[in-house]
Amino acid sequence: MKIVKDEGVYKASRIAGPKHNFLGLGITGVSPPDVQCIQRTLRDDGASQINEEQLLAAVSEGVSVANRELGASLFVERIEYVPTDTPEYNTYQELAKAIILSAAKDFN
């Protein structure tokens with residue numbers, strides 16, 4: 001999986017046939033007071049499919065798993081997503097984990 005960093009946000013996506021997921025995370029080494037969720041729309045092509053609470057839970061779990069593997073304490077202060085993407089939250093968990101594992105080198 002390719003992770004890119006663009007203007008301080010680590011981004012990853014997964015496209016598998018008709019299913020598609022994009023996740024961007026702003027990472028910090030200090031626990032933020034809250035997490036900002038930003039919807040990125042490519043075009044006005046329908047109602048949101050993503051439940052933000054479930055997205056937050058999936059991202060949090062992926063970050064926790066990665067932090068345990070790394071012995072790190074990285075936090076998410078910003079989540080970017082496309083609201084019309086496929087609502088497969090296990091995919092968002094995997095994307096979050098991959099992003100943290102990749103971003104960790106920038107925080108050592």
Side-chain angles (χ1 to χ4, degrees):
M1 176 179 312
K2 183 177 180 181
I3 310 294
V4 297
K5 184 177 180 185
D6 180 31
E7 297 182 17
V9 177
Y10 297 85
K11 299 177 180 182
S13 62
R14 178 173 290 165
I15 300 171
K19 298 178 180 181
H20 42 87
N21 301 90
F22 164 83
L23 183 65
L25 298 179
I27 310 292
T28 181
V30 179
S31 181
D34 60 0
V35 177
Q36 181 183 25
C37 286
I38 299 171
Q39 294 182 359
R40 296 290 181 210
T41 54
L42 304 175
R43 60 187 182 275
D44 189 16
D45 60 356
S48 178
Q49 301 296 313
I50 303 298
N51 177 299
E52 273 191 11
E53 287 182 23
Q54 289 179 284
L55 176 65
L56 282 165
V59 168
S60 293
E61 181 60 26
V63 169
S64 293
V65 169
N67 276 331
R68 281 193 301 272
E69 286 183 17
L70 293 167
S73 293
L74 296 176
F75 303 91
V76 172
E77 61 185 354
R78 175 186 181 116
I79 298 174
E80 295 182 5
Y81 69 99
V82 176
T84 55
D85 274 354
T86 308
E88 289 190 0
Y89 300 99
N90 61 327
T91 300
Y92 288 106
Q93 180 178 334
E94 292 172 19
L95 291 171
K97 177 183 173 185
I99 289 171
I100 293 297
L101 292 174
S102 176
K105 66 184 176 299
D106 294 340
F107 290 89
N108 290 330

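Computed from a predicted structure; not experimentally measured.
The shortest distance between side-chain heavy atoms of I99 and L23 falls below 4.5 Å. The closest side-chain heavy-atom distance from Y81 to R40 is not below 4.5 Å. When side chains are defined from C-beta on, T84 does not count as touching T41, because their heavy atoms never get closer than 4.5 Å. Taking the side chain as every heavy atom from C-beta outward, K19 and T91 never approach each other to under 4.5 Å.
Here C37 contributes atom SG and I50 contributes atom CD1; the two are 11.5 Å apart, rounded to the nearest 0.5 Å. One finds the CD1 atom of I27 at 12.0 Å from the CZ atom of R78 (value rounded to the nearest 0.5 Å). With values rounded to the nearest 0.5 angstrom, I79 atom CD1 is found 8.0 Å from E52 atom CD.
Pairing each heavy atom of E80 with each of F22, the nearest pair is O-CE2, 3.8 Å. Across all non-hydrogen atoms, the minimal contact from Q39 to P83 is OE1-CG, 3.8 Å. Across all non-hydrogen atoms, the minimal contact from A96 to G62 is CB-CA, 4.2 Å.
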CA sep, side-chain torsions, deciding dist, call: K5, D106, side-chain contact (heavy atoms from CB on, under 4.5 Å):
CA-CA 11 Å; K5 184 177 180 185; D106 294 340; 3.9 Å; yes

Audit row: V9, L25, side-chain contact (heavy atoms from CB on, under 4.5 Å) steps and yes/no:
CA-CA 5 Å; V9 177; L25 298 179; 5.6 Å; no

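L70 is connected to L95 through a chain of hydrophobic side-chain contacts under 4.5 Å among Ile, Leu, Val, Met, Phe, Trp and Tyr, so both are in one cluster. Tracing side-chain contacts under 4.5 Å through hydrophobic residues (I, L, V, M, F, W, Y), one reaches Y89 starting from L56; they form part of the same cluster. Hydrophobic clustering (ILVMFWY, side-chain heavy atoms < 4.5 Å, transitive): F75 and Y10 are in distinct clusters. Cluster annotation: V35 is connected to F107 through the hydrophobic network of ILVMFWY side chains, with a link wherever side-chain heavy atoms come within less than 4.5 Å. Cluster annotation: I3 and V59 are assigned to the same hydrophobic cluster (Ile/Leu/Val/Met/Phe/Trp/Tyr, side-chain heavy-atom contacts under 4.5 Å, transitive).
With N21 contributing its side chain and D85 its backbone, the two residues share no donor-acceptor pair below 3.5 Å.
Looking at E88 and R14, no side-chain N of the basic residue comes within less than 4.0 Å of a carboxylate O on the acidic one, giving no salt bridge.
Atom CD1 of I38 has more than 12 neighbouring heavy atoms from other residues, nucleotides or ligands inside a 6.0 Å radius. Crowding of K2 atom NZ: a count of heavy atoms from other residues, nucleotides or ligands under 6.0 Å not exceeding 12.
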